[in-house]
Amino acid sequence: MLLPANYESLTPAQAIACHQDMRRHINISHLDKPISIIGGADISINKHEETQYAGIVLFTYPELKIIGQTSAVWRTSFPYIPGLLAFREVPALLEAWNKLEIKPDLMILDGQGIAHEQRMGLATHFGLLTDVPSIGSAKNRLNGKYNEPANEHFAQSYLYDQNEVIGVALRSKKNCKPIFVSPGHKVDMQQSIDIIKNCIRGYRIPEPTRHAHNFVNQVRLAHGDKSNAQLSMF
DNA sequence: GCGACAG
DNA sequence: ATCTTGTCGC
């Protein structure tokens, strides 16, 4: 596929054209290779700055013991645009990815996989660039229609775009809104659902992305983010 | 024109 | 995404 030298200067129209080219290489099929290491990734930012703190946490699977982590500080001016999140977050995530001594068998990203208008959500985009199996686990829906899953642990309801199943609304925890799971690359729908279920440990968010989120947040604060300082002088 | 809209 | 106090429900 033909990739832009840098994502910074892309116009939204060029980014969408890039997605159209990349989508031809998406491979949604069963992953036969056994999974022993899973990685979770996320980014933390200061609302009013362009600095991004990206991080990846590695876990043994299915035990989910943390065995490593890397982080990276990046800067981007590409804005958040629904549907084009990958162009804003992937560069920073790749920086953290390149620092990993050991690469995981599969990655879980905080966003959509193929549950995207061009089937090019963050997880799919990242999977294509790194050639690693990936799954998208989003806290909110971006594309597709679904019926509200029953209020029971692991109740689920498929996400449809026309007649195509592009993901699933999964009730990862009773009395909590569902999460939206979709395969990213080199893994199939059922496998994605099963893996995410195996990563739930009493919280709404699966452990890999939950820990990655906490990790990058700490990295940001430790790096000197003053935005959270309290005005307690008086 | 209006509503929807991952992080 | 980030910040934040109280509030509601299992």
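Quick note on labels: first sequence line is chain A, next is B, and so on, each numbered from 1.
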_Value in whole Å for how far the P atom of C:dT4 lies from NZ of A:K47_ = 11 Å

*Give A:G136 one of three labels, base, sugar-phosphate or nothing, depending on what nucleic acid heavy atoms sit under 4.0 Å from its own.*
nothing

*Are A:K139 and B:dG7 close enough that a side-chain N or O sits under 4.0 Å from OP1 or OP2?*
yes

*Close residues, residues 173-211 of chain A, relative to DNA chain B [heavy-atom separation under 4.0 Å]*: none

*Over how many whole Å does the gap from A:I45 atom CD1 to C:dC3 atom C1' extend?*
12 Å

*Examine B:dA6: is either OP1 or OP2 under 4.0 Å from a nitrogen or oxygen in the side chain of A:R119? Give yes or no.*
no

*Under 4.0 angstrom, heavy atoms only, what part of the nucleic acid is A:H116 near: base, sugar-phosphate, or nothing?*
base

*For the pair A:S182 (side chain) and A:G113 (backbone), establish whether a donor and an acceptor sit closer than 3.5 Å, ignoring hydrogens and angles.*
yes

*For A:L84, answer base if it contacts any base atom (sugar-phosphate contacts may also be present), sugar-phosphate if it contacts only those atoms, and nothing otherwise; contact means non-hydrogen atoms under 4.0 Å.*
base

*Answer yes or no: does atom OH of A:Y203 have more than 12 heavy-atom neighbours from other residues, nucleotides or ligands under 6.0 Å?*
no

*asked:* Hydrophobic clusters here meaning ILVMFWY residues chained together by side-chain heavy-atom distances under 4.5 Å, can you tell me if A:F180 and A:L170 are in one?
replied: no

*Should the ring pair A:H116 and A:H19 be called parallel, tilted or perpendicular, given that the plane angle runs from 0 to 90° and is split at 30 and 60?*
perpendicular

*asked:* For a quick check under 3.5 Å, do A:T209 and A:D110 share a side-chain donor-acceptor pair by atom type?
replied: no

_Is there a side-chain contact between A:R141 and the phosphate of B:dC5, meaning an N or O under 4.0 Å from OP1 or OP2?_
yes

*Is there a stack between A:Y80 and C:dA1, judged by ring centres under 5.5 Å and planes under 30°?*
no

*Look at all strands and tell whether A:Q112 reaches a base, only sugar-phosphate, or nothing, counting heavy atoms closer than 4.0 Å.*
base

*Quickly work out the A:I43 CD1 to B:dG7 P distance and round it to whole Å.*
13 Å

*How long is the line joining OH of A:Y7 and P of B:dG7, in whole Å?*
19 Å

_Tell me the interatomic distance from A:L93, atom CG, to B:dG7, atom C1', rounded to whole angstroms._
11 Å

*Within the side chain of A:T124, is there an N or O that forms a donor-acceptor pair under 3.5 Å with the backbone of A:G184?*
yes

_Whole angstroms only, please: what is the NE2-P distance between A:H223 and C:dT2?_
16 Å

_5' precedence on DNA chain C between A:S44 and A:N151 (nearest-nucleotide basis)_ = A:S44

*Rounding to a whole Å, what distance do you find between A:I81:CD1 and C:dA1:C1'?*
15 Å

*Dot-bracket for DNA chain B: what is it, with Watson-Crick or G-U pairs under 3.5 Å, [ ] where a pair crosses earlier ones, and | for a pair to another strand?*
.......

*Any ion pair linking A:D161 and A:R119 (charged N to carboxylate O, less than 4.0 Å)?*
yes

_Please check: side-chain N/O of A:R204 versus main-chain N/O of A:P178, any donor-acceptor pairing under 3.5 Å?_
yes

*Would you indicate what A:H213 reaches in the nucleic acid, counting non-hydrogen atoms under 4.0 angstrom: base, sugar-phosphate, or nothing?*
sugar-phosphate

*With the threshold set at 4.0 Å, does a side-chain nitrogen-carboxylate oxygen contact exist between A:R88 and A:E8?*
no

*Separation of A:N217 atom CG from B:dG7 atom C1', in whole Å?*
13 Å

*Is any side-chain nitrogen or oxygen of A:N46 closer than 4.0 Å to OP1 or OP2 of C:dA1?*
no

*More than 12 heavy atoms from other groups under 6.0 Å of NE2 on A:H223*: no

